[in-house]
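Position 1 is the first residue of the sequence; numbering continues from there. Here the structure is a predicted model, which is why all the values come from computation and not from measurement.
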Amino acid sequence: MIRKISDSLTYIGTDDFSDSLFESQYNIPEGMSYNSYLVRDDRIAILDSSDIRTAEEWKANLLEALDGAMPDYFVLHHMEPDHSALIPWLAGQFPELRFVATAKALQMIPQFYPGLDLQDRSIAVKEGDTLELGSRSLKFFMAPMVHWPEVMMSYETVGKVLFSADAFGKFGALSKCGYTSSEDDDWACEARRYYFNIVGKYGAPVQTVLKKLSGLEISTICPLHGPVLMNDLGEYLRLYDIWSSYGVESEGVFVACASIHGNTLQVAEKFADMLREKGVKVAFNDLTRDDQAEAVEDAFRYGTLVLAASSYDAGLFPPAAEFISHLQDKGWQNRRVGLIENGSWAPSAGRVMKEKFAAMKNVTVLDPLVTIRSAYKESDRPALEALAAAVLA
């Protein structure tokens with residue numbers, strides 16, 4: 001379905017419900033959108049395409065929006081296949097079409113689509129370049145490592161529209177969450193999970209782009225995933241500033257656990273209840289059964305993490321090790337962490353967790369390290385209370 005955003009701007013993207021895992025790893029129970037846009041002036045520009053899974057729908061959307069007109073430019077903001085898959089079709093369908101992208105993206109096109117030669121039909125743009133469309137123009141801003149090296153954003157000067165590539169995106173099909181921010185009840189929830197799992201490692205490049213954009217008057221943000229943002233843009237920019245600077249978004253504590261037989265889970269739940277009784281907001285995740293991407297999201301959202309894990313093979317229970325690895329890969333930093341280990345004869349989880357967190361940037365490991373022997377006993381309460389006091393300090 002196509003949607004008119006303004007007289008000159010049309011949404012021609014697609015929803016995908018055919019795959020349960022985005023990028024083969026992130027749960028998307030509400031599907032995924034692949035956003036694409038058409039800007040119409042004296043000259044017509046197509047902005048990005050879709051994933052091959054929704055190719056036929058995207059082609060139909062484009063042709064309906066064109067209504068017989070011939071497009072002049074295809075602008076590629078990001079090379080990933082969920083945005084570039086229709087380039088070979090476009091090249092054959094519209095022989096006069098010019099392809100606009102960064103030089104690095106243009107180098108990547110034949111890597112993804114062998115045998116496709118666009119050398120005489122390409123326009124490589126750099127920081128500050130503009131593409132004239134008539135009364136409107138697109139001004140380009142380079143956004144390397146947000147989250148690939150070839151990424152750029154563009155700004156439509158009359159409508160004051162920012163085409164932000166993967167930035168400001170979220171999980172979820174638009175037919176589920178809404179085509180615009182006014183229809184989206186809770187943008188931040190899935191945008192946060194998307195940001196920290198897809199872009200999270202690249203906070204510094206995001207900060208660089210936010211500074212570039214700070215001088216622009218922006219009325220609309222059109223991302224490559226998720227709804228078009230039109231209301232209270234200051235709030236979206238505020239959250240992106242917090243997220244990309246590794247700041248604390250919400251007051252509270254995130255308690256996560258990885259339990260083999262349920263005893264470590266019981267201890268973690270007791271500790272979470274102990275904090276709640278003290279008036280602390282607590283988020284909780286069972287790393288063995290809950291979505292690890294949501295655990296990563298909450299670890300970044302709150303300033304303090306408490307991780308309870310079982311010892312395993314003289315090391316750490318794999319779900320906990322996987323979680324810590326995700327945090328390390330995504331650049332988790334500027335946080336405090338409390339540790340609870342469980343071991344029946346030779347507790348080892350605490351040592352491994354402490355070593356892994358000590359290697360991260362500006363992460364403080366709180367004392368005491370609480371050790372549980374097999375199952376919770378009332379004699380363990382003082383140590384848990386001591387850890388709770390350290391969390392609250």
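By the ring-ring contact (aromatic ring centres under 6.0 Å, His included) test, Phe357 is found to be paired with Trp332, residues two or more places apart in sequence or in another chain being considered. For Glu56, the salt bridge (Lys or Arg N to Asp or Glu O under 4.0 Å) partners are Lys59, not counting sequence neighbours. For Tyr195, the side chain to side chain donor-acceptor pair (under 3.5 Å) test picks out no residue, with sequence neighbours left out. Partners of Thr102 according to the side chain to side chain donor-acceptor pair (under 3.5 Å) rule, which considers only residues two or more places apart in sequence or in another chain, do not exist here. Partners of Trp148 by ring-ring contact (aromatic ring centres under 6.0 Å, His included), not counting sequence neighbours, listed by chain and number: His78. Taking Asn231 as the reference, nothing meets the side chain to side chain donor-acceptor pair (under 3.5 Å) condition, with sequence neighbours excluded. Considering only residues two or more places apart in sequence or on other chains, Phe254 meets the ring-ring contact (aromatic ring centres under 6.0 Å, His included) condition with none of them. Residues satisfying the ring-ring contact (aromatic ring centres under 6.0 Å, His included) criterion with Phe74, sequence neighbours excluded, are Phe99.
Although no hydrogens or angles enter the test, the distance criterion places no donor-acceptor pair under 3.5 Å between the side chain of Gln266 and the main chain of Ala268. Counting only distance, with no hydrogens or angles, the side chain of Ser6 and the backbone of Leu9 share a donor-acceptor pair below 3.5 Å. Side-chain atoms of Glu183 come within 3.5 Å of backbone atoms of Thr180 as a donor-acceptor pair (strictly under, hydrogens ignored). Checking side-chain atoms of Asp41 against main-chain N and O of Ser135 turns up a donor-acceptor pair under 3.5 Å.
With 3.5 Å as the limit, one finds no donor-acceptor pair spanning the side chains of Ser36 and Ser50. Using a 3.5 Å distance cut-off with no hydrogens or angles, the side chains of Ser137 and Thr130 do not pair a donor with an acceptor. A donor atom on one side chain and an acceptor atom on the other are not found under 3.5 Å apart for Ser8 and Arg40. Residues Thr364 and Arg336 bring no donor and acceptor atom of their side chains to less than 3.5 Å of each other.
Other residues, nucleotides and ligands place no more than 12 heavy atoms under 6.0 Å from the OH atom of Tyr312. Other residues, nucleotides and ligands contribute only 12 or fewer heavy atoms inside 6.0 Å of the CD atom of Gln119. With a 6.0 Å radius and a threshold of 12 heavy atoms from other residues, nucleotides or ligands, Asp7 has its CG atom at or below the threshold. Heavy atoms from other residues, nucleotides or ligands lying under 6.0 Å from NZ of Lys4 number more than 12.
For the pair Arg3 and Tyr179, the cation sits on the ring face: its NZ or CZ lies under 6.0 Å from the ring centre, inside 45° of the axis.
Comment: Arg192 engages Glu249 in a salt bridge, judged by a side-chain N to carboxylate O separation of less than 4.0 angstrom. Taking 4.0 Å as the cut-off between side-chain N and carboxylate O, Asp273 and Arg276 count as a salt-bridged pair. A salt bridge is defined here as a Lys NZ or Arg NE, NH1 or NH2 lying under 4.0 Å from an Asp or Glu carboxylate O, and Arg381 with Glu385 meets this definition. A salt bridge links Asp51 with Arg53: at least one charged nitrogen is closer than 4.0 Å to a carboxylate oxygen. Ion pairing between Arg136 and Asp42 fails under the 4.0 Å rule for side-chain N and carboxylate O. In summary, Asp184 and Lys170 engage in a salt bridge, as defined by a charged side-chain N under 4.0 Å from a carboxylate O.
Relative orientation of the Phe300 and Tyr246 rings is tilted, given thresholds of 30° and 60° on the angle between their planes. The aromatic rings of Tyr26 and Phe171 sit tilted, their planes meeting at an angle between 30° and 60°.
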For residues 140-147, which side-chain N or O atoms pair as donor and acceptor with protein atoms under 3.5 Å away, sequence neighbours left out?
unit_1 : atom_1 : unit_2 : atom_2 : d
His147 : NE2    : Glu80  : OE1    : 3.0
His147 : NE2    : Asp166 : OD2    : 3.1

Side-chain donor-acceptor contacts of residues 222-229 below 3.5 Å, not counting sequence neighbours, with atom names and distances?
unit_1 : atom_1 : unit_2 : atom_2 : d
His225 : ND1    : Ser33  : O      : 2.6
His225 : NE2    : Asp82  : OD2    : 3.2
His225 : NE2    : His83  : NE2    : 3.3

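Clustering of Ile, Leu, Val, Met, Phe, Trp and Tyr by side-chain heavy atoms under 4.5 Å joins Ile372 with Val253, Val255, Leu265, Val267, Phe271, Met274, Leu275, Val280, Val282, Phe284, Val306, Ile340, Leu366, Val370, Tyr376, Leu384, Leu387, Val391, Leu392.
Within the structure, side-chain hydrogen bond (donor to acceptor under 3.5 Å, both in side chains) contacts touching residues 201-214 (residues at least two apart or in different chains) are Glu127-Lys212, Gln207-Lys211, Gln207-Asp241, Gln207-Ser244.
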